[in-house]
Visitor: 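This is the structure I have questions about; it appears just below.
These numbers were taken from a predicted model, which means no experiment stands behind them.
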Amino acid sequence: MAESDLVNQSHTEETEELEHDGIDLSRDKRRLFSKELRCMMYGFGDDKNPYTESVDLLEDLAIEFIKEMTLKAMEVGRSGRVQVEDIVFLIRKDPKKYRRVKELLTMNEELRKARKAFDEAKY
């Protein structure tokens, strides 16, 4: 088998792997979370300026997790829509994630109520 055939076969396999129900999941190399990940890594004890490769790896893992959870949530709930309840359903068996999501949802509700009360007091 020629080298170009191996490259084409490898590319085809990667493309097949990165498509799910007609949704293109090819890697987008724009870095969406680099700044936040660097701060988180520093907060958890890494160097103030962590290696770019480490940040990129963490970002790839985070994006892959988000993609997988989104696809699963789309299968669980209404097709084509992701709702908070779908995510809660998917993580219900992971106590740490479940607690954190519940905490964030509670905080979000409290912030919404505080904003509403502030806006009402303003007028």
Visitor: Roughly how far apart are Leu105 CG and Lys102 NZ, rounded to 0.5 Å?
Guide: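 If I round to the nearest 0.5 Å, the distance is 6.5 Å.
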Visitor: Return the CG to CG distance between Leu37 and Asp46, rounded to the nearest 0.5 Å.
Guide: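 Going from the CG atom of Leu37 to the CG atom of Asp46 covers 11.0 Å.
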Visitor: Output the distance between atom CE (Met69) and atom NZ (Lys72), rounded to the nearest 0.5 Å.
Guide: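 Spacing of CE (Met69) from NZ (Lys72) equals 6.5 Å.
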Visitor: Could you check whether any side-chain heavy atom of Ile91 comes within less than 4.5 Å of a side-chain heavy atom of Lys96, counting everything from C-beta outward?
Guide: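 When only atoms from C-beta onward are counted, Lys96 and Ile91 do not touch, as no gap falls below 4.5 Å.
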Visitor: List the atom of Val82, the atom of Met74, and the distance in Å for their closest heavy-atom pair.
Guide: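 What the structure gives for the nearest pair is CG2-CG, 3.4 Å.
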Visitor: State whether Arg38 and Asp47 are salt-bridged, where the test is any N-O pair (Lys NZ or Arg NE/NH1/NH2 against Asp/Glu carboxylate O) under 4.0 Å.
Guide: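 So Arg38 does not pair with Asp47 through a salt bridge.
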Visitor: Just one of Glu120, Arg112, Lys113 clears the side chain to side chain contact (heavy atoms under 4.5 Å, CB included) bar with Lys116, so which one?
Guide: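 Of Glu120, Arg112, Lys113, side chain to side chain contact (heavy atoms under 4.5 Å, CB included) with Lys116 is met by Glu120 alone.
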Visitor: State whether the side chain of Arg92 and the backbone N or O of Phe89 hold a donor-acceptor pair below 3.5 Å, judged by distance alone.
Guide: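 Yes.
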Visitor: Take Phe33 and Leu58 through the test side-chain contact (heavy atoms from CB on, under 4.5 Å) and record every step on the way to the result.
Guide: CA-CA 9 Å; Phe33 306 117; Leu58 278 177; over 6 Å; no
Visitor: Can you tell me how far CG of Leu90 sits from CG of Leu71, rounded to the nearest 0.5 angstrom?
Guide: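 If we round to the nearest 0.5 Å, Leu71:CG and Leu90:CG are 11.0 Å apart.
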Visitor: Can you see which heavy atom on Val55 is nearest to which on Pro50, and at what distance?
Guide: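 Scanning both residues completely, I find the closest heavy atoms to be CG2-CG, 3.8 Å.
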Visitor: Using the side chain to side chain contact (heavy atoms under 4.5 Å, CB included) criterion, which residues pair with Glu85? Sequence neighbours excluded.
Guide: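 Once residues adjacent in sequence are excluded, the partners of Glu85 under the side chain to side chain contact (heavy atoms under 4.5 Å, CB included) criterion are Gln83.
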Visitor: If two hydrophobic side chains count as joined below 4.5 Å and joins carry through other members, does Phe44 share a cluster with Tyr51?
Guide: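 Not linked; separate clusters.
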Visitor: Can you tell me how far CG of Asn49 sits from CE of Met41, rounded to the nearest 0.5 angstrom?
Guide: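 Reported to 0.5 Å precision, the distance equals 10.5 Å.
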Visitor: List in chain and number order the residues that pass side-chain hydrogen bond (donor to acceptor under 3.5 Å, both in side chains) with Ser54, two or more places apart in sequence or in another chain; answer none if no residue qualifies.
Guide: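 Scan of Ser54 (side-chain hydrogen bond (donor to acceptor under 3.5 Å, both in side chains), adjacent residues dropped) gives none.
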Visitor: Of Ile87, Asp86, Val88, which meets side chain to side chain contact (heavy atoms under 4.5 Å, CB included) against Val84?
Guide: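 Of Ile87, Asp86, Val88, side chain to side chain contact (heavy atoms under 4.5 Å, CB included) with Val84 is met by Val88 alone.
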Visitor: Same cluster or not: Phe118 versus Met107, using hydrophobic residues (I, L, V, M, F, W, Y) connected whenever any side-chain heavy atoms lie under 4.5 Å apart?
Guide: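 The answer is no; the residues belong to distinct hydrophobic clusters.
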